[in-house]
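A quick note: this is a predicted structure, and the numbers were derived from the prediction, not measured.
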Amino acid sequence: TVCVMIAQMLADKAIFKEGAGGREKKQCLKAVIFAFFSAVMYVLFFVQSRLGNTFLSPSLMVEYFPFYLLGYLANGYGTDILAVTVSERMRRKLENMVPLFTALMFTGFVLMALCLDLSAPVQGVTTFAVQMTASFLGTVSCYIGVSRIARGHQKKTEKRDFLSFVGVYTLEIYVLHFRFARLLGISEKGLQLYSFEGIFWVVLTFALMSILTAVCIMILLRIPVVSLLLFGKRHRPFSCRGDRSA
């Protein structure tokens, strides 16, 4: 988050004059500058990781930062970039093709998960590229699918559904959930995933992790200092409606 904010600040400083070309073109230029500075910081983390320095876990930054950056670019600049680079007619065609692309990406992810060992230790560029490709296909397809379902439900009912409610607290879930992922010692049981026993323990572990994560979120969001330090957010009490606009 700090890296992205620095890159955003530098991009804002670079586009400081009201020039010709309209808002969309300025946003496109800002997106290019933002992506450039983000890429520079990514390379620095990659070099740090290869040098064996572990301060701030650069190996995790190398794996996670591209997905954070992709989401930031898509949601922060995507609409303006499409407005400048793609005609309205083409945008409508692309919108109609989104379900097909999503299905293809998800199918590719499932095939890679079934045919390859995606949890193998990264020992070279090839292994890293394969794992990142699978992660990209799975992440993007799930994001598009979930967001379209949530938007469709909200458009029909004019109310938020469960997915929209959970989406308000995804940062908190991300920060806390893995603390409870190994409470039942599932990794030491030597289970086969595709078996009744394996599925049972996975479901039980997921349920326990979800409950404990939700309880902790409810508690921690009521402690202003902890909420700010853990989640970078000001104190906003947990709401069953997911309404944090106040």
Side-chain angles (χ1 to χ4, degrees), residues 1-91 93-95 97-98 101-102 104-105 108-109 112 118 122-147 167 170-171 174-175 228 230-233:
T1 302
V2 171
C3 290
V4 165
M5 290 299 101
I6 292 174
Q8 184 63 67
M9 180 189 70
L10 294 173
D12 289 337
K13 295 291 185 182
I15 311 297
F16 61 91
K17 290 185 178 180
E18 290 290 337
R23 175 182 178 276
E24 288 81 8
K25 290 187 177 180
K26 291 180 66 176
Q27 283 293 94
C28 287
L29 180 58
K30 187 184 293 186
V32 172
I33 299 172
F34 167 77
F36 170 77
F37 285 116
S38 297
V40 169
M41 286 185 280
Y42 182 77
V43 170
L44 292 177
F45 279 111
F46 178 80
V47 172
Q48 179 190 358
S49 177
R50 298 296 293 177
L51 291 176
N53 186 288
T54 59
F55 180 66
L56 294 180
S57 300
S59 59
L60 293 180
M61 286 290 293
V62 170
E63 293 178 3
Y64 286 110
F65 190 65
F67 299 98
Y68 190 104
L69 181 61
L70 177 65
Y72 196 97
L73 280 171
N75 287 284
Y77 295 99
T79 302
D80 293 323
I81 292 175
L82 286 175
V84 173
T85 59
V86 181
S87 66
E88 185 177 350
R89 182 179 178 183
M90 182 59 67
R91 288 201 297 272
K93 289 183 178 180
L94 291 174
E95 178 67 22
M97 296 176 67
V98 166
F101 285 137
T102 305
L104 290 175
M105 286 190 291
F109 165 71
M112 292 184 74
L118 299 179
V122 177
Q123 297 179 342
V125 176
T126 302
T127 306
F128 179 73
V130 169
Q131 293 182 357
M132 292 294 283
T133 300
S135 298
F136 172 82
L137 294 176
T139 299
V140 174
S141 59
C142 287
Y143 170 79
I144 294 174
V146 170
S147 62
T170 49
L171 174 61
Y174 179 77
V175 171
L228 180 62
L230 283 182
F231 312 125
K233 299 177 179 179

What distance separates [X] [atom1] from [Y] [atom2], expressed to the nearest 0.5 Å?
X: Gln48; Y: Met41; atom1: CD; atom2: CE; answer: 13.5 Å
X: Phe36; Y: Leu10; atom1: CZ; atom2: CG; answer: 10.0 Å
X: Ser49; Y: Leu60; atom1: OG; atom2: CG; answer: 9.0 Å
X: Ser59; Y: Arg50; atom1: OG; atom2: CZ; answer: 11.5 Å
X: Glu95; Y: Leu82; atom1: CD; atom2: CG; answer: 10.0 Å

Open item on the list: Under the salt bridge (charged side-chain N to carboxylate O under 4.0 Å, His left out) definition, can you give me all pairs with a residue in residues 68-85, not counting sequence neighbours?
Closed with: Arg23-Asp80

Open item on the list: Tell me which pairs pass salt bridge (charged side-chain N to carboxylate O under 4.0 Å, His left out) where either residue lies in residues 53-65, with sequence neighbours left out.
Closed with: none

Open item on the list: Does atom CZ (Arg91) have a neighbourhood of more than 12 heavy atoms from anything else shown, all under 6.0 Å?
Closed with: yes

How far apart are the closest heavy atoms of [X] and [Y], and which atoms are they?
X: Gly76; Y: Gln27; answer: O-NE2, 4.0 Å
X: Val175; Y: Leu230; answer: CG2-O, 4.1 Å
X: Thr102; Y: Ser141; answer: CG2-O, 3.5 Å
X: Pro66; Y: Met61; answer: CD-O, 4.0 Å
X: Val130; Y: Met112; answer: O-CE, 3.5 Å
X: Ile33; Y: Ala11; answer: CG2-CA, 3.9 Å

TODO: Could you tell me which residues satisfy side chain to side chain donor-acceptor pair (under 3.5 Å) with Gln131, sequence neighbours excluded, listed by chain and number?
DONE: none

Open item on the list: Which residues pass the ring pair (Phe, Tyr, Trp, His ring centres under 6.0 Å) test with Phe45, not counting sequence neighbours?
Closed with: none

Open item on the list: Using the ring pair (Phe, Tyr, Trp, His ring centres under 6.0 Å) criterion, which residues pair with Phe37? Sequence neighbours excluded.
Closed with: none

Ignoring hydrogens and angles, write down the donor-acceptor pairs under 3.5 Å from the side chains of residues 1-9, residues two or more places apart or on other chains.
residue	atom	partner	partner atom	Å
Thr1	OG1	Tyr68	OH	3.1
Gln8	OE1	Tyr72	OH	3.2
Gln8	OE1	Tyr77	OH	2.9
Gln8	NE2	Asp12	OD1	3.1
Gln8	NE2	Tyr77	OH	2.9

Task: Contact check, side chains of Phe34 and Leu73, non-hydrogen atoms, under 4.5 Å - done: yes

Task: Heavy-atom side-chain contact between Leu69 and Tyr42 under 4.5 Å - done: no

- [ ] For the pair Phe136 and Phe67, evaluate side-chain contact (heavy atoms from CB on, under 4.5 Å) and give the outcome as yes or no after the intermediate values.
- [x] CA-CA 8 Å; Phe136 172 82; Phe67 299 98; 4.1 Å; yes

TODO: May I have the step-by-step check of side-chain contact (heavy atoms from CB on, under 4.5 Å) for Thr139 and Leu70, ending in yes or no?
DONE: CA-CA 11 Å; Thr139 299; Leu70 177 65; over 6 Å; no

- [ ] Applying side-chain contact (heavy atoms from CB on, under 4.5 Å), run through Phe128 and Val62 and close with a yes or a no.
- [x] CA-CA 10 Å; Phe128 179 73; Val62 170; 3.6 Å; yes

